Colleague: 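The structure is given below, and queries will be raised subsequently.
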Amino acid sequence: MIIPGVSVHIGRDVDDALENLSSVKDATLLAGGTDLLVEINFGRARPTHVIVIDRLDELKALDRNGHIRMGALVTYTRMLADDPGSAALREAARTVGSPQIRNAGTLGGNLGTASPAGDTLPVLAALDATVVLRSRAGERRVKFADYMTGPKKSVRRPDEIVVAAEWDDAGPAQTFMKVGTRNAMVIAVAGLALVVDRARRRVGVGLGSCGPTILRAPDAEKFAAGLFDEAGWDRRMRPTEVARTEFGRLAAAAARPIDDVRGTAAYRRHVLAVMASRALARVATIA
Ligand SMILES: Cc1cc2nc3c(=O)[nH]c(=O)nc-3n(C[C@H](O)[C@H](O)[C@H](O)COP(=O)(O)OP(=O)(O)OC[C@H]3O[C@@H](n4cnc5c(N)ncnc54)[C@H](O)[C@@H]3O)c2cc1C
């Protein structure tokens with residue numbers, strides 16, 4: 001299909017893409033295209049200038065040595081095939097779309113769209129990750145907690161490319177859960193990531209699809225940290241049913257859900273409590 005009036009620039013390297021991005025007003029980046037092409041097909045986006053970034057090798061790097069740096073062009077398929085430096089991120093990648101979508105869709109595209117239903121995003125929140133943005137003026141790092149400002153809104157400036165996300169290796173005690181209207185190829189009704197970083201004595205809870213942005217659940221995090229303080233951070237434990245229920249209640253209380261076509265606010269709170277309780281039971285046994 002020829003769309004009249006669209007110019008396309010194929011980026012050769014990051015500098016070339018950034019130069020083009022800063023010189024053309026209202027340019028749109030294209031990575032895997034699994035969000036952007038849907039927007040174009042439904043008439044919700046009509047880009048006049050597209051910068052294709054899927055060949056920028058620098059953004060395909062995945063570095064791990066205690067600190068993880070995942071390039072924006074790492075696809076879901078790679079998160080499954082390589083060690084992505086986070087077990088929860090791998091679990092999230094497994095739930096995304098179909099094999100075709102996982103082959104094309106990227107971490108940077110999930111961050112670029114910044115949907116509250118983006119499945120990598122609760123994991124980045126729970127990992128306390130940092131988003132690395134680059135423009136011609138240089139690089140800046142934004143805590144994921146400060147990255148999203150609303151549904152599909154972020155602090156990314158029009159002349160910036162998301163080049164990577166970074167986080168500390170939090171160890172194996174982490175998980176991701178998602179509830180949808182069916183088991184596969186489904187947008188989340190609610191999602192939850194739980195990370196227990198035993199070495200740093202830190203608990204992170206990220207909630208997806210239950211607020212205008214991805215949310216953290218600080219009271220649930222504090223409560224779980226108290227359980228690990230008591231049991232010993234380096235020990236496996238079996239939280240009691242009472243403790244799991246309370247953790248679930250606190251996680252659900254942090255949500256700001258709405259009723260929409262995918263589910264009601266009440267249902268979202270219910271499944272968050274169930275997922276949080278199960279996630280705690282699962283993660284507490286991993287040392
Ligand atoms: C059938 C189907 C099923 C899906 N299932 C899921 C699912 O289960 N879970 C889920 O989370 N998502 C799902 N998605 C959405 C989509 O696959 C993901 O959001 C994916 O991560 C988008 O990545 P992309 O590289 O294809 O992004 P693109 O479509 O290329 O770009 C998306 C947006 O981000 C911008 N962008 C891309 N890369 C960058 C960058 N490096 N820096 C700044 N901005 C950038 C683009 O300009 C665009 O606005 C699905 C989509 C489809 C079509």
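Numbering of ligands and ligand atoms starts at 1, following listing order. This one's a predicted model, so the numbers in the text were calculated from it and none came from an experiment. The analysis underlying the following values was restricted to heavy atoms, covering all of them including side chains, and did not include hydrogens, waters or symmetry mates.
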Colleague: Within a distance of under 4.0 Å, is there any protein heavy atom near atom 49 (O) of ligand 1?
Modeller: no
Colleague: Is there side-chain contact between L194 and R282, with at least one heavy-atom pair below 4.5 Å?
Modeller: no
Colleague: Under 4.5 Å between any side-chain heavy atoms of H49 and D26, yes or no?
Modeller: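 No, every pair of side-chain atoms sits at 4.5 Å or beyond.
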Colleague: Can you name the atoms of ligand 1, numbered from 1 with element, that are less than 4.0 Å from a heavy atom of Y76?
Modeller: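 With Y76 as reference, the close atoms of ligand 1 come out as 18 (C), 20 (C), 21 (O).
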Colleague: Using a 4.0 Å heavy-atom cut-off, say whether V186 meets ligand 1 through its side chain, its backbone, both or neither.
Modeller: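 For V186, only backbone atoms sit under 4.0 Å from ligand 1.
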Colleague: As an exercise, state the distance from CG of L133 to CD1 of I161, rounded to the nearest 0.5 Å.
Modeller: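 So the CG of L133 and the CD1 of I161 are separated by 10.0 Å.
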Colleague: For atom CZ of R278, is the number of surrounding heavy atoms from other residues, nucleotides or ligands below 6.0 Å larger than 12?
Modeller: no
Colleague: At under 4.0 Å between heavy atoms, is it the side chain or the backbone of I101 that contacts ligand 1, or both, or neither?
Modeller: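 Within the 4.0 Å criterion, I101 contacts ligand 1 through side-chain atoms alone.
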Colleague: Quick test: of every protein heavy atom, which one is nearest to atom 46 (C) of ligand 1, and how far off is it to 0.1 Å?
Modeller: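 In this structure, atom 46 (C) of ligand 1 has L29 O, 3.0 Å as its nearest protein heavy atom.
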Colleague: So V196 and Q174, do their side chains get closer than 4.5 Å, heavy atoms only?
Modeller: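 Contact flag for Q174/V196 side chains = no.
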Colleague: Checking contacts here: is it the side chain or the backbone of R156 that comes within 4.0 Å of ligand 1, counting heavy atoms only? Could be both or neither.
Modeller: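 Answer for R156: side chain.
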Colleague: Give the atom numbers and elements of ligand 1 that come within less than 4.0 Å of a heavy atom of G32.
Modeller: 24 (P), 25 (O), 26 (O), 30 (O)
Colleague: Identify the protein heavy atom lying closest to atom 7 (C) of ligand 1, giving its residue, its atom name and the separation to 0.1 Å.
Modeller: D119 OD2, 3.5 Å
Colleague: Quick one: look at V38 and ligand 1, take heavy-atom pairs under 4.0 Å, and tell me if it's side chain, backbone, both or neither.
Modeller: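 Within the 4.0 Å criterion, V38 contacts ligand 1 through side-chain atoms alone.
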Colleague: Test of understanding: given a 4.0 Å heavy-atom threshold, classify the contact between A72 and ligand 1 as side chain, backbone, both, or neither.
Modeller: side chain
Colleague: Report yes if some heavy atom in the side chain of Y147 is under 4.5 Å from a heavy atom in the side chain of L121; otherwise report no.
Modeller: no
Colleague: Does a donor on one side chain sit under 3.5 Å from an acceptor on the other, for S22 and D159?
Modeller: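 Side-chain D/A pair, S22 to D159: absent.
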Colleague: With sequence neighbours excluded, what pairs up with F223 under the ring-ring contact (aromatic ring centres under 6.0 Å, His included) test?
Modeller: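 By the ring-ring contact (aromatic ring centres under 6.0 Å, His included) rule, F223 matches no residue at all.
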Colleague: Between Q100 and ligand 1, which residue portion shows a heavy-atom distance shorter than 4.0 Å: side chain, backbone, both, or neither?
Modeller: neither
Colleague: Please check whether A31 reaches ligand 1 - meaning an N/O of the residue sits under 3.5 Å from an N/O of the ligand, judged on distance alone.
Modeller: yes
Colleague: Considering distance alone, does some N or O of E160 sit under 3.5 Å from an N or O of ligand 1?
Modeller: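 By distance alone, the answer is no.
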